[in-house]
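Beneath this line is the structure, given in structure tokens, with notes to follow.
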Amino acid sequence: MFPTTLEIRDPAVLEAGHRNLFEPAMSDAAFKSEFLQAMQARGYIHSISHPVELDEAAAARKLVGYIGFDATAASLHVGSLIQVMMLRRLQQAGGKPIVVMGGGTTKVGDPSDKDTQRPLLTTEQIQANIASLKTVFAKFLTFGDGPTDAVMVDNADWLDALGYVEFLREFGVHFTINRMLAFDSVKLRLDREQPLTFLEFNYMLMQAVDFLELERRHGCNLQMGGSDQWGNILNGVELIRRVDQKPAFALTTPLLATASGAKMGKTVAGAVWLNADMRSPYDYWQFWRNTEDADVGRFLRLFTDLPLDEIARLESLPGAEINAAKKRLADETTRMLHGADAAETAARAAEAAFEQGRLSDDLPTVEVKAADLEAGIVLAALAHDAGLTGSRGEARRLAQGGGLRVNDKAETDANRAVTTADLVEGVIKLAAGKKKIVLVRPV
């Protein structure tokens with residue numbers, strides 16, 4: 001089940017050094033705005049600031065909220081999907097979402113939840129990543145010129161124009177080193193005796209300036225993000241209230257992990273990317289189909305638009321019937337990202353492969369050179385290269401346990417050669433475990 005309490009933090013008390021303030025939990029009925037009622041009921045809220053003011057602004061449909069996305073890769077992964085869905089919930093409740101591409105902040109790197117500095121990307125790499133990232137947001141948000149239409153901006157537009165001395169004189173005076181050293185993103189790095197560069201130390205100031213600039217340009221009064229961003233977001237809230245004397249609010253969501261403790265969006269084969277050219281619709285569907293039983297209801301609330309009463313019915317299905325809820329989760333999430341046709345195709349391919357034991361052209365296909373297949377490819381290497389396992393060693397361990405199959409036959413020898421003799425109807429069906437299948441096709 002999703003959390004029934006939320007943490008409400010008073011920035012004034014935090015400023016005084018009381019970092020663990022908890023006020024009494026607010027029930028769903030305590031919120032009068034559609035936005036916060038939905039966010040609480042679906043389990044999005046971890047911490048909020050100025051709850052009464054925020055609720056009033058949301059009820060009056062005067063919320064303009066943003067989330068920033070640094071361009072460190074060509075695609076977001078499932079771990080970032082909750083942030084996208086928060087913007088979607090804001091728009092559904094009559095608020096205006098702003099997507100901020102981190103063309104400026106990516107040049108510095110967010111130290112939050114990192115032991116080491118991120119590799120520095122060139123401006124060209126960052127812009128290429130931004131161009132690729134943009135394609136996902138239109139699947140979840142309506143962009144345009146209307147009062148609740150989403151807009152997308154790049155913080156390089158204002159951060160790149162700031163001279164360093166100007167930046168320090170205008171904004172540095174509002175932040176104390178004492179306070180910045182107390183933030184978890186900094187404190188954890190120092191506690192682990194990991195280096196924190198002065199470049200990264202500037203990140204939290206830059207994020208605060210983002211919020212202030214968005215308030216001035218777009219009337220933005222809400223920043224949302226993961227709970228690890230609380231300190232950074234609070235800086236912006238306080239900067240706006242101090243410098244422009246305008247209302248500003250913070251709302252963070254819990255950092256997601258699966259019921260077994262695994263980090264959301266990561267698998268043994270790598271990140272679950274949102275871009276179709278980096279993660280096929282079939283593999284995306286299969287990721288959600290493999291959800292742990294204990295996570296089904298929570299993920300349906302967070303990542304689909306299904307009504308809450310329907311979700312309650314699905315998560316209460318007994319025994320093996322919970323698989324119907326997992327398929328519904330996979331259908332809804334894949335449809336939202338990749339479209340109804342892709343979701344239907346993925347579901348059909350999975351049914352053919354797993355329930356009927358048939359080959360399907362809709363299964364993920366890996367092409368190999370015909371000459372390499374004629375010479376023979378080591379099974380462990382083929383399983384790894386096909387994305388079924390995270391390493392060749394994992395493929396060998398899987399084979400020893402009977403979990404690696406060629407054309408539905410278990411293969412305990414991961415060093416055996418896969419050749420053209422294994423072709424059936426022009427392909428080789430390769431499977432790892434019960435739910436991961438690819439077709440190997442020579443070219």
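Just so it is clear, the values below take in all heavy atoms, side chains as well, and ignore hydrogens, waters and symmetry mates. All of these numbers come straight from a predicted model, not from anything done at the bench.
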So, applying side chain to side chain contact (heavy atoms under 4.5 Å, CB included) with L214, which one of V100, I240, V209 is it? V100
L90 vs M224, side-chain contact (heavy atoms from CB on, under 4.5 Å): CA-CA, chis, key distance, verdict: CA-CA 10 Å; L90 176 63; M224 300 183 290; 4.3 Å; yes
Distance-only, no hydrogens or angles: does the H218 side chain make a donor-acceptor pair with backbone N or O of C220 under 3.5 Å? no
Using atom types as modelled and distance alone, determine if a side-chain donor or acceptor of D55 lies under 3.5 Å from a backbone N or O of F31. no
Using modelled atom types and a 3.5 Å cut-off, is there a donor and acceptor pairing between side-chain atoms of N290 and backbone atoms of Q286? yes
Enumerate the salt bridge (Lys or Arg N to Asp or Glu O under 4.0 Å) contacts for residues 73-86, please, sequence neighbours excluded, ordered by first and then second residue. none
Whether R88 and D305 form a salt bridge (side-chain N of Lys/Arg under 4.0 Å from carboxylate O of Asp/Glu) is what I want to check. yes
Smallest separation among heavy atoms of T106 and A71, with atom names: OG1-N, 2.9 Å
May I ask you to decide whether E53 forms a salt bridge with R241, counting only side-chain N to carboxylate O separations under 4.0 Å? yes
So, taking the atom named CD1 in I45 and the one named CG in L36, what distance separates them when rounded to the nearest 0.5 Å? 5.0 Å
Could you name each residue pair satisfying salt bridge (Lys or Arg N to Asp or Glu O under 4.0 Å) that touches residues 146-157, not counting sequence neighbours? none
Any K96 side-chain heavy atom under 4.5 Å of V151 side chain: yes
To the nearest 0.5 Å, what is the distance between CZ (R289) and OG1 (T334)? 12.5 Å
What I'd like to find out is whether the side chain of R298 reaches to under 4.5 Å of the side chain of L256, using heavy atoms alone. yes
Residue pair L205 / N235, side-chain heavy-atom distance below 4.5 Å: no
Side chain Q125, main chain T122, donor-acceptor under 3.5 Å: yes
Say whether, by atom type as modelled, one donor and one acceptor occur between the side chain of K32 and the main chain of Q37 under 3.5 angstrom. no
Does E34 have any salt bridge (charged side-chain N to carboxylate O under 4.0 Å, His left out) partners at least two apart in sequence or in another chain, and if so, which? R61
Could you tell me whether the side chain of V64 reaches within less than 4.5 Å of the side chain of L222, counting heavy atoms only? no
Please report the interatomic distance CG(L314) to CG(L306), rounded to the nearest 0.5 Å. 7.0 Å
Take V99 and M101, measure what side-chain contact (heavy atoms from CB on, under 4.5 Å) needs, and give me the verdict at the end. CA-CA 6 Å; V99 178; M101 293 281 97; 3.8 Å; yes
Worked check of side-chain contact (heavy atoms from CB on, under 4.5 Å) between D70 and I126: CA-CA 9 Å; D70 279 345; I126 292 171; over 6 Å; no
Side chains of T258 and E292: is there a donor and an acceptor less than 3.5 Å apart? yes
Could you grab the distance from atom CG of L404 to atom OG1 of T389, nearest 0.5 Å is fine? 7.5 Å
ring-ring contact (aromatic ring centres under 6.0 Å, His included) partners for Y66, two or more places apart: F211
Can you list the residues that meet the salt bridge (charged side-chain N to carboxylate O under 4.0 Å, His left out) rule with R328, with sequence neighbours excluded? E310, E332
Pairwise side-chain contact, T345 with Y282, heavy-atom cut-off 4.5 Å (strictly under): no
Mind checking whether L54 and N221 have side chains closer than 4.5 Å, heavy atoms only? no
Could you pull out every donor-acceptor pair under 3.5 Å between side chains of residues 131-138 and any protein atom, sequence neighbours left out?
from	atom 1	to	atom 2	distance (Å)
S132	OG	A74	O	2.5
S132	OG	N275	ND2	2.9
T135	OG1	S132	O	2.9

How far apart are the C-alpha atoms of D385 and V366, what are their side-chain angles, what is the distance that settles it, and do they pass the side-chain contact (heavy atoms from CB on, under 4.5 Å) test? CA-CA 9 Å; D385 293 344; V366 175; over 6 Å; no
Compute whether any side-chain donor of one residue and acceptor of the other, for R89 and Q92, lie under 3.5 angstrom apart. yes
Using a 3.5 Å distance criterion without hydrogens, assess whether the side chain of R42 forms a donor-acceptor pair with backbone atoms of T304. yes
Suppose we screen for side-chain contact (heavy atoms from CB on, under 4.5 Å). Which residues come up paired with D331, at least two apart in sequence or across chains? W285, A347
Residues which pass ring-ring contact (aromatic ring centres under 6.0 Å, His included) with F303, listed by chain and number, not counting sequence neighbours: W288, F299
Which heavy-atom pair separates L274 from L337 by the least distance, and what is that distance? O-CD2, 3.4 Å
To the nearest 0.5 Å, tell me how far K139 NZ sits from H338 NE2. 6.5 Å
Spacing of L239 atom CG and L212 atom CG [to the nearest 0.5 Å]: 5.0 Å
Residue pair V296 / A325: nearest heavy atoms and the distance that separates them: CG1-CB, 3.7 Å
Under a 3.5 Å distance rule, please check whether Q229 uses its side chain to pair with a backbone N or O of G225 as donor and acceptor. no
Can a donor-acceptor pair be found, under 3.5 Å and without considering hydrogens, that links the side chain of N155 to the backbone of G103? yes
Looking at residues at least two apart in the chain, or sitting in another chain, which of them share a ring-ring contact (aromatic ring centres under 6.0 Å, His included) with H384? none
Quick one: list whatever passes salt bridge (charged side-chain N to carboxylate O under 4.0 Å, His left out) with K62, sequence neighbours left out. none
Can a salt bridge be assigned to the pair E315 and R301 using a cut-off of 4.0 Å between side-chain N and carboxylate O? yes
Can I get a per-line list of side-chain donor-acceptor pairs under 3.5 Å for residues 244-254, giving both atom names and the distance, sequence neighbours left out?
from	atom 1	to	atom 2	distance (Å)
D244	OD1	R216	NH2	3.0
D244	OD2	R216	NE	3.0
Q245	NE2	R242	O	2.6
Q245	NE2	V243	O	3.4
K246	NZ	E215	OE2	3.2
T252	OG1	S47	N	3.4
T253	OG1	Y44	O	2.6

If you compare all heavy atoms of Q207 against all heavy atoms of I233, which two are closest, and at what distance to 0.1 Å? NE2-CG1, 3.9 Å
Compare every heavy atom of R279 with every heavy atom of A271, then report the nearest pair and how far apart it is. O-NH1, 3.7 Å
Could you tell me if the side chain of V78 sits less than 4.5 Å from the side chain of F287, heavy atoms only? yes
Could I get the full list of salt bridge (charged side-chain N to carboxylate O under 4.0 Å, His left out) partners for D293, not counting sequence neighbours? K326
Would you call L430 and L388 a side-chain contact if the rule is heavy atoms closer than 4.5 Å? yes
Tell me the closest heavy-atom pair linking Q91 and T148, and the distance in Å. NE2-O, 2.8 Å
